[in-house]
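First up is the structure itself, then whatever we jot down about it.
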Amino acid sequence: MPIPVPVLTIDGPSGAGKGTVSRLVAKKLGWHYLDSGSIYRSLAVAVQNASIELSDISAVLEVAQSMALEFECGDDLVVRLNGENITGQLSLESTGGIASVVAAYPEVRAVLLKKQQDFKQLPGLVADGRDMGTVVFPEAKNKVYLTASAEKRAERRYKQLIEKEIDANIVQITSEIEARDRRDMERETAPLAMAVDALYIDSSDLTIEQVIEEVLNLIH
Ligand code: DC
């Protein structure tokens with residue numbers, strides 16, 4: 001019998017703090033970390049590089065099937081697409097928007113499913129995304145649904161951008177976040193939804209440390 005690999009899934013809308021929490025929890029536990037959004041974001045970059053229409057499903061699918069992704073999971077994640085370092089482009093707001101559009105195609109999700117499941121390796125995995133607990137790792141013993149109000153998420157994103165000296169507009173960010181929530185929650189295939197067996201955490205009024213404590217309590 002193979003040794004079972006423990007999996008912790010953390011799903012939720014963009015900007016709830018999933019990335020930071022998942023990365024730090026994985027580090028504390030000494031487990032692997034899957035940032036599934038970065039796979040959809042890499043596809044968004046690949047689609048942009050190929051200059052194809054987002055509405056051309058078969059062309060998007062072809063790009064998804066042929067892209068070679070490498071992840072270097074050190075202190076900071078480095079992603080290479082067909083050998084080229086694309087890490088800088090992944091965090092752009094525009095990349096997230098395109099990722100959310102191509103992620104709505106069921107055929108694309110099917111192609112990217114195995115790439116994500118391959119991350120499940122000993123000693124354990126922390127997987128962050130939208131459908132980790134519902135579709136990709138439904139067998140996971142520990143599941144979290146991490147959310148926060150759209151206003152709080154927009155405020156955090158605004159602060160991050162200002163700190164990086166990037167021009168930002170809070171009204172525009174809030175409406176982009178709300179549009180992305182709608183697209184991710186209302187799509188037919190693997191929409192963002194809370195798994196029935198997930199622990200619900202609203203991070204609106206919590207610090208990162210408090211969220212991490214709640215998550216680690218669940219594991220222990
Ligand atoms: O988590 P993120 O913001 O990096 O994700 C970018 C987009 O990718 C998100 O808006 C929807 C899509 N996505 C998805 O459909 N399923 C996932 N498991 C992760 C991300």
Side-chain angles (χ1 to χ4, degrees), residues 10-24 33-57 59-60 63-64 67 69 71-73 75-82 84-105 108-109 112 116 127-132 145-187 190-192 202-204 208 211:
I10 304 189
D11 289 307
S14 59
K18 288 177 298 160
T20 311
V21 169
S22 306
R23 210 169 301 119
L24 290 172
Y33 168 50
L34 165 62
D35 170 3
S36 62
S38 71
I39 296 184
Y40 290 96
R41 284 172 183 264
S42 299
L43 174 59
V45 173
V47 163
Q48 276 177 300
N49 287 352
S51 306
I52 53 178
E53 291 290 330
L54 291 187
S55 56
D56 186 346
I57 302 182
V60 172
V63 173
M67 68 178 181
L69 288 182
F71 290 85
E72 274 171 38
C73 302
D75 271 348
D76 290 310
L77 178 74
V78 174
V79 181
R80 278 178 228 287
L81 168 68
N82 304 326
E84 186 198 340
N85 186 341
I86 57 159
T87 317
Q89 293 167 72
L90 292 185
S91 57
L92 297 177
E93 221 46 36
S94 54
T95 305
I98 295 173
S100 160
V101 173
V102 293
Y105 297 141
V108 165
R109 302 197 74 85
L112 299 184
Q116 298 169 72
D128 128 28
R130 304 290 186 288
D131 60 342
M132 298 294 100
Y145 187 82
L146 182 60
T147 188
S149 68
E151 292 72 24
K152 260 279 153 55
R153 289 184 282 131
E155 204 179 291
R156 289 176 190 160
R157 184 72 188 139
Y158 176 78
K159 279 193 189 143
Q160 279 171 354
L161 292 172
I162 295 297
E163 271 163 27
K164 286 189 201 161
E165 297 183 359
I166 299 173
D167 236 4
N169 174 319
I170 187 85
V171 177
Q172 190 187 344
I173 293 176
T174 310
S175 83
E176 279 171 6
I177 281 189
E178 286 169 347
R180 189 121 75 91
D181 282 358
R182 265 198 304 280
R183 213 162 32 224
D184 293 347
M185 288 176 177
E186 290 172 8
R187 68 179 177 225
L192 167 62
D202 182 336
S203 75
S204 302
I208 292 288
V211 176

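Residues Ser36 and Gly129 share a closest heavy-atom pair of OG-CA, 3.3 Å. Ile10 approaches Lys18 most closely through the heavy-atom pair O-CD, 3.7 Å. When every heavy atom of Ser42 is checked against every heavy atom of Leu69, the shortest pair comes out as CB-CD2, 3.6 Å. Heavy-atom minimum distance, Ser22 versus Tyr33: CB-CE1, 3.4 Å. The two residues Ala44 and Ala99 have their closest heavy-atom pair at CB-N, 3.7 Å. Taking all atoms of both residues into account, the shortest heavy-atom contact from Arg180 to Gly96 is CD-O, 3.8 Å.
Under the 3.5 Å distance criterion, the side-chain polar atoms of Gln172 are left unmatched by any main-chain donor or acceptor of Ala168. Formation of a donor-acceptor pair under 3.5 Å by the Arg153 side chain with backbone atoms of Ala16 is not found in this model. Between the side chain of Arg80 and the backbone N or O of Phe71, no donor-acceptor pair lies under 3.5 Å. A donor-acceptor pair under 3.5 Å is absent between the side-chain atoms of Arg41 and the main chain of Thr95, judged by distance alone.
Residues Ser203 and Arg156 have side chains that bring a donor and an acceptor to within less than 3.5 angstrom of each other. Side-chain contact annotation: Arg183 with Ser100, donor-acceptor N/O pair under 3.5 Å present. Residues Thr147 and Asp202 have side chains that never bring a donor and an acceptor to within less than 3.5 angstrom of each other.
Distance check, rounded to the nearest 0.5 Å: CG of Leu192 to CG of Asp181 gives 7.5 Å. One finds the CD atom of Glu155 at 9.0 Å from the OG1 atom of Thr174 (value rounded to the nearest 0.5 Å).
By the 4.0 Å N-to-carboxylate-O rule, Glu93 lies close enough to Arg157 to be salt-bridged with it. Salt bridge present: Asp184 and Arg130 bring a charged side-chain N and a carboxylate O closer than 4.0 Å.
Side-chain contact between Val79 and Asn85: absent, with no pair of heavy atoms (C-beta onward) separated by less than 4.5 Å. At least one side-chain heavy atom of Gln116 sits under 4.5 Å from a side-chain heavy atom of Ile39.
Take Tyr158 and apply the ring-ring contact (aromatic ring centres under 6.0 Å, His included) test, not counting sequence neighbours, and it matches no residue.
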Decide side-chain contact (heavy atoms from CB on, under 4.5 Å) for Arg109 and Asp131; before the verdict, give the C-alpha distance in whole Å, the side-chain angles of both, and the deciding distance to 0.1 Å.
CA-CA 10 Å; Arg109 302 197 74 85; Asp131 60 342; 2.9 Å; yes

